[in-house]
There are 2 protein chains.
Amino acid sequence: MASQAVPGAEPRTPLSRERVLRAAISVADSGGIESLTMRRLAEHLGAEAMSLYYHVANKEDVLDGVVDVIATEINEVVDRIDVPAEGADWKKAVRQRILSAREVLLRHAWAPGVFETRTNTSLAVLRYYDALLGLMRAGGFSNDLAHHALHALGSRALGFTQELFDPNSGAGATDQAADLAEMAGQFPNLVGMLAEIAHDDPDSTLGWCDDQSEFEFGLDLILDGLDRIRERA
Amino acid sequence: MASQAVPGAEPRTPLSRERVLRAAISVADSGGIESLTMRRLAEHLGAEAMSLYYHVANKEDVLDGVVDVIATEINEVVDRIDVPAEGADWKKAVRQRILSAREVLLRHAWAPGVFETRTNTSLAVLRYYDALLGLMRAGGFSNDLAHHALHALGSRALGFTQELFDPNSGAGATDQAADLAEMAGQFPNLVGMLAEIAHDDPDSTLGWCDDQSEFEFGLDLILDGLDRIRERA
DNA sequence: ACCTGAACACCGTTCAAGT
DNA sequence: ACCTGAACACCGTTCAAGT
């Protein structure tokens with residue numbers, strides 16, 4: 001009962017901003033972003049919700065911090081890449097960085113949504129963009145073209161695209177067929193496309209999926225377009 | 001006090017799913033999406049929060065419905081467009097539809113974020129995509145290329161891109177200069193670019209803005225890339 | 001058929017108080 | 001310096017009850 005040396009009680013490492021943010025990521029990793037509440041986060045750390053406020057300003061601050069930690073992780077991975085970026089090689093270098101960033105985000109599938117809601121900019125994200133910009137400059141981009149390029153890439157620069165809809169979500173393969181038949185009248189082009197895609201690639205999950213190859217298709221479309229403009233200049 | 005014919009009381013039009021959804025849009029339009037709560041929505045309609053549940057299943061259902069109403073509005077605008085889409089004209093037709101969709105969304109700046117959180121697909125959104133697909137098919141796209149194209153466009157197909165960061169947010173023009181100087185060491189490429197962009201275009205808000213011209217640059221980059229693939233096939 | 005009052009289980013956050 | 005208990009103002013949602 002005394003305040004010190006309770007026998008058998010673990011000494012419990014003290015809280016810190018760092019520990020709070022890492023715990024937040026682990027809570028979201030295992031239960032999704034909607035499971036991340038201040039109370040649950042505290043519980044995860046063996047503390048009371050109110051204790052968190054000594055180390056972070058509020059929940060927004062937690063989310064800002066989480067983005068910064070993940071962006072730092074991306075920078076660590078991406079800083080190890082060492083490929084030439086001069087001239088025409090800019091594209092390979094940028095492409096590899098972006099795909100590496102994507103790999104980190106694939107381990108935190110909830111993170112893209114949080115990235116998009118931030119209004120305060122993470123310094124780590126700025127550092128990521130700065131390096132990307134450096135590669136483009138080395139490849140001969142003007143500042144103006146590099147500026148357009150960042151806008152054109154958007155979230156793809158960080159390795160993700162938000163899916164806008166998924167005709168397959170929540171429906172099993174058998175419901176699927178019925179749904180398609182029912183919708184054929186209303187959405188002839190969509191149904192026709194999905195039928196053919198499925199036919200061409202029977203191994204993939206039916207039709208719609210934001211997989212690696214779709215991401216790379218879109219990415220290369222943009223990078224190739226930028227490269228063409230670069231060469232013309 | 002009696003239940004009928006209270007003198008001077010407006011007869012109050014009854015609630016309906018339609019009215020609830022329209023009110024939800026107007027609440028979000030005027031106070032932002034975070035101001036949209038079931039209680040406030042009810043208040044806006046002169047009813048109690050609990051009454052809403054007779055007309056909608058829950059808040060998710062409200063958000064699904066709101067997306068459907070806005071997508072319906074987009075379809076109404078876009079259906080009035082009548083330009084040829086055969087062969088090489090596909091691009092002009094698709095471009096015009098997408099820019100028209102964007103105009104609708106610009107009137108509901110909070111809507112893109114809601115679109116992205118939906119997992120249930122709105123039928124109106126499906127109808128929009130189906131029409132877009134139809135234009136591409138008329139332009140000579142294979143189903144496979146059209147499928148890639150929709151993925152590559154992502155949310156751009158509906159007229160928006162989510163900004164990932166905004167170095168200017170929350171800082172006035174004077175703070176701005178100080179911030180830039182301070183960051184110059186850490187982010188040389190970013191600072192150099194922003195300085196030059198600002199110099200080249202002194203009329204625009206300093207540096208970073210997702211304006212119409214940036215949207216169109218990215219859109220055309222993708223459409224041009226798709227057109228090249230189409231011509232090769 | 002349509003609406004509501006009371007109530008429940010959750011939030012984020014504050015503040016004064018403990019060690 | 002660090003943590004917490006009690007409390008507040010807010011959520012979304014249920015259910016039995018009113019007209």
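Chain letters run A, B, ... following the sequence lines, proteins first and then strands; every chain starts at 1.
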(request) Report the nucleotide, chosen from D:dT4, C:dG12, C:dA7, that has the shortest atom-to-atom distance to any side-chain atom of A:R39. (result) C:dG12

(request) Consider the side chain of B:E48, meaning its heavy atoms from C-beta on, and name the nucleotide among C:dG5, D:dG12, C:dC3 that approaches it most closely. (result) C:dG5

(request) Between A:A57 and B:M50, just flag the one whose closest nucleotide in DNA chain C comes earlier from the 5' side. (result) B:M50

(message) Heavy atoms only, 4.0 Å cut-off, all strands: where does B:M38 land among base, sugar-phosphate and nothing?
(response) sugar-phosphate

(request) Would you tell me whether B:R19 and B:T13 have side-chain atoms, one donor and one acceptor, within less than 3.5 Å of each other? (result) yes

(message) For the residue pair B:R127 and A:F187, would you count it as a cation-pi contact if the rule is NZ or CZ under 6.0 angstrom from the ring centre and within 45 degrees of the ring axis?
(response) no

(message) Rounded to whole Å, how long is the line connecting atom CD of B:E60 with atom C1' of D:dG12?
(response) 11 Å

(request) Round to the nearest Å and state the distance from A:D61 atom CG to C:dT13 atom C1'. (result) 14 Å

(request) Indicate yes or no for a side-chain donor-acceptor contact from A:N143 to the backbone of B:E196 under 3.5 Å, with no hydrogens or angles considered. (result) no

(request) Among the candidates D:dC3, D:dT13, D:dT4, find the nucleotide nearest to the side-chain atoms of A:H55. (result) D:dC3

(request) Return the nearest nucleotide to the side chain of B:K59; candidates are C:dC11, D:dA6, D:dT13. (result) D:dT13

(request) Answer yes or no on whether A:R102 is positioned over the face of A:F160, meaning its NZ or CZ is under 6.0 Å from the six-membered ring centre and within 45° of the axis. (result) no

(message) Checking base pairs now: Watson-Crick or wobble, both atom distances under 3.5 Å. What partners D:dT19?
(response) C:dA1

(request) Starting from the 5' end of DNA chain D, give me the residue, A:Y54 or A:S51, whose nearest nucleotide shows up first. (result) A:Y54

(message) Just N and O in the side chain of A:R40: are any of them under 4.0 Å from OP1 or OP2 of C:dC10?
(response) no

(request) Compare the minimum distances between each of C:dG12, C:dT13, D:dT14 and the side chain of A:T37, then state the nucleotide with the smallest one. (result) C:dG12

(message) Only pairs with both distances under 3.5 Å count, Watson-Crick or wobble alike; so what is the partner of C:dA7 in this structure?
(response) D:dT13

(request) Scan side-chain atoms only and decide if A:H55 and A:S16 contain a donor-acceptor pair under the 3.5 Å cut-off. (result) no

(request) Take the protein atom CD of B:E34 and the nucleotide atom C1' of C:dC11, then report the distance between them rounded to whole Å. (result) 16 Å

(request) Take the protein atom OH of A:Y53 and the nucleotide atom P of C:dG12, then report the distance between them rounded to whole Å. (result) 6 Å

(request) Rounded off to whole Å, could you give me the CG-to-C1' distance for the B:L41 and D:dC10 pair? (result) 16 Å

